[in-house]
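Single-structure report; data block below.
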Amino acid sequence: MKAVLKSRIRRLAMINATLLCLLCVSVAQAQSQYADRIFTGEHIITMDDSPVTAVAIGGDRIIAVGDELEVMQLQGENTQLVALGEQALLPGFIDAHGHFAGVSRYLDLMDLSSPPIGTVSNVEDIVLKIRLRIEEMQIPEGQLIYGFGYDDSLLAEQRHPNREDLDRASTDHPIVIRHVSGHLLAANSLALEQAGITSITEDPPGGLIRRRAGSQVPDGVLEETAMGFFPGTGELLSADRQIGLRREAVDIYASYGITTIQDSNVSMDYVEMLKAEGRQKTFAADIVAIVMANPLTDQELATVTHDSEYEGGVRIGGVKFTLDGSPQGRTAWLSQPYTAGPRGAAANYVAYPSYDPQAWLDRIKPLIARGMPVLAHANGDAAIELMIDGVESAVDDGELPDHRSVIIHAQLIRNDQLDRVAALGIIPSYFSAHPFFWGDWHRLSFGDERASFISPIRATIDRGIPWTIHNDAPIVPPDMMRLVAITVNRETRSGYVLGPEQRATVEEVLQAITLRAAYQYFEEDEKGSITPGKRADLVILEQNPLLVDPSQLASIQVVETIARGRTIFSRR
């Protein structure tokens, strides 16, 4: 392992050198063509430390960067000149983890989110919103009512809605509402009956059917794999409507400056459908599909390949395993008990794995051996330990391969685990919106010491570990500037600063959503910085985020988003 560690340190040194010293070619070396557009201004943030005042793009490429007088030599009679003024030009933002399919589906479904996303503040609000939806849409009896986004941590009752609550909304419609984390749901009595869930129904492996106190009667709340008893939302949306929603979802991502989108936890059938849609009409932004590995047999998993090129704006970027649950849902798998677990939980409650640990250990090695990028959802430190153990067993045979395996979320990672992550070449992708959205809840769930180390960005930087951040949309909207603001400030809803020593600078966070995210995707040669020869994926912000007060970062608006040289969103 010492040899591996030395190799890893050398690799990290090379990576950091590359990030800071990417080549900035002169106009003389640019392609022999006039530019389609030239951007000029004092607020061009290249992410490769190049001090420039002008950028030229031609087709889908950046063709020159540098001094304005030099770059203007590429001006032709059809070149569009864009004077940025006080606006800032950056590389297009890259979604390091999220669920594009979920964002698209949820556009037509009932939103039960609490502020600042929605308006729900108590269980009665949920009941009334369901009743109102049934009345306004005149939904016939027997048709499924589906909602998403409720958050027990923000409800006045500090609990999940149960079957009795949802029965008050309707006993003539099956009702299923999904928790904000995506790891739990609540159902009414008719939905439970139709799913065949009774007092004698056993909990599935990796999941839990919650019961009424002192009995085996299901209370309507289901965790993790137990959600599989219920159908998805496909029956509520026609195929044509789903196609339209996917195009609308791309527009939403573009409005936040995102030019590369992740679509995680999807099936191969879905990916083929998405590629077929892309062949009909190329998606405006790139979509990286990550195939869900948990339900696949070994034979099925062996047939999954990843793509080096996009087809219609879509490529397979790897596979993902889900090893545990959610910290905000209190199903993240820990090594030490929760300070406050779910209602009725024992004092030694640590939650549980949502996937067979031995299956993970058995399957990771052949995947890394054949060069398959692997992501693993792991929130609790016990799940993170399992993830790291699997990678270590897969790469500990000699020279460390460039595998770039990713811990998705990594919320409760420990210091000693970060040391192993650095040695093994693992990338943590932090759900760093947590301090604001659930920081106060985490202080109750884990105590101040563990909660303050949620998304430990500074400890990660100090070890030279490549890292990224994400919104995990649709868990929270894919608002990149709000994500930047939370990662920089770490302020909770109550105004408490959660782990101030783990804050990052604005520049460090911008790198995490551009160049380092491109590195996570093995696309650092194509994306992530404003460098000649790279893709013309750009975003224009109304202000330079490096110069504003950190408290104002979230309010910076995206003015324009450019993907492959074309404007895909504009407020102009």
Side-chain angles (χ1 to χ4, degrees), residues 19-20 39-55 65 68 82-96 115-117 253-259 430-437 439 455 457-458 461 467-471 473 476-517 528-530 537-562 569-572:
L19 293 177
L20 296 175
F39 304 88
T40 62
E42 300 295 324
H43 304 289
I44 298 174
I45 305 172
T46 64
M47 288 295 126
D48 65 6
D49 278 4
S50 303
V52 303
T53 54
V55 175
V65 303
E68 180 177 344
V82 181
L84 296 167
E86 294 304 308
Q87 296 173 350
L89 181 70
L90 293 84
F93 297 149
I94 297 173
D95 173 28
I117 309 302
Y253 278 89
S255 73
Y256 292 115
I258 297 170
T259 54
Y430 294 116
F431 190 174
S432 60
H434 265 255
F436 171 74
F437 283 98
S455 295
I457 305 297
R458 181 54 53 194
I461 293 171
W467 55 281
T468 63
I469 56 175
H470 57 262
N471 283 298
V476 300
D479 186 335
M480 300 303 275
M481 289 311 300
R482 179 164 58 193
L483 179 65
V484 169
I486 296 171
T487 311
V488 168
N489 295 305
R490 293 181 67 93
E491 190 170 304
T492 71
R493 292 172 184 267
S494 69
Y496 180 83
V497 178
L498 187 70
E501 66 282 356
Q502 295 305 325
R503 289 179 291 196
T505 68
V506 176
E507 185 172 11
E508 289 166 339
V509 177
L510 291 175
Q511 280 210 346
I513 60 173
T514 55
L515 194 51
R516 293 194 185 277
S529 65
I530 302 178
D537 289 354
L538 305 165
V539 60
I540 299 174
L541 303 179
E542 65 175 347
Q543 294 173 276
N544 186 337
L546 298 176
L547 301 180
V548 304
D549 187 291
S551 65
Q552 301 303 309
L553 286 167
S555 64
I556 296 177
Q557 286 198 326
V558 172
V559 175
E560 186 173 355
T561 304
I562 300 158
F569 171 80
S570 178
R571 294 186 193 274
R572 297 183 190 280

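If you're wondering where the values come from, they're calculated on a predicted model, not measured in any experiment.
Taking the ring centroids of H470 and Y430, they lie at or beyond the 6.0 Å cut-off.
To the nearest 0.5 angstrom, F39 atom CZ is 7.0 Å from L84 atom CG. How far CD1 of I486 is from OG1 of T492: 10.5 Å, rounded to the nearest 0.5 Å. Taking CG from N544 and CD from E42, the interatomic distance works out to 11.0 Å, rounded to the nearest 0.5 Å. Atoms OH and CZ, on Y256 and F569 in that order, are 9.5 Å from each other to the nearest 0.5 Å. For the atom pair CD1 (I530) and CG (D48), the distance works out to 8.5 Å, reported to the nearest 0.5 Å.
Side chain to side chain, S455 and S432 fail the donor-acceptor criterion of an N or O pair below 3.5 Å.
The side-chain heavy atoms of P545 and I45, taken from C-beta on, include a pair separated by under 4.5 Å. Between T46 and V65, the closest side-chain pair of non-hydrogen atoms is not below 4.5 Å. Contact annotation: the side chain of P550 never approaches that of R503 to less than 4.5 Å [non-hydrogen atoms, C-beta and beyond]. The shortest side-chain heavy-atom distance between L547 and H43 falls under the 4.5 Å cut-off. Side-chain contact check for Q511 versus M47: some heavy-atom pair is nearer than 4.5 Å. Proximity of I258 to P478: side-chain heavy atoms (C-beta onward) are separated by under 4.5 Å at one or more points. Side-chain contact between T259 and V539 is absent, with no heavy-atom pair separated by less than 4.5 Å. Taking the side chain as every heavy atom from C-beta outward, E507 and V488 never approach each other to under 4.5 Å.
Within a 6.0 Å radius of CD in E501, more than 12 heavy atoms belonging to other residues, nucleotides or ligands are found.
Considering every non-hydrogen atom in both R482 and I117, the closest pair reads NH2-CD1, 3.4 Å. In terms of heavy-atom proximity, F93 sits nearest to M480 at CD1-CB, 3.7 Å.
A cation-pi arrangement is not found for R493 relative to F437, the charged atom failing to lie both closer than 6.0 Å to the ring centre and inside a 45° cone about the ring normal.
Between the side chain of R490 and the main chain of P435, no donor-acceptor pair closer than 3.5 Å is present.
A salt bridge links R572 to E560: at least one charged side-chain nitrogen sits closer than 4.0 Å to a carboxylate oxygen.
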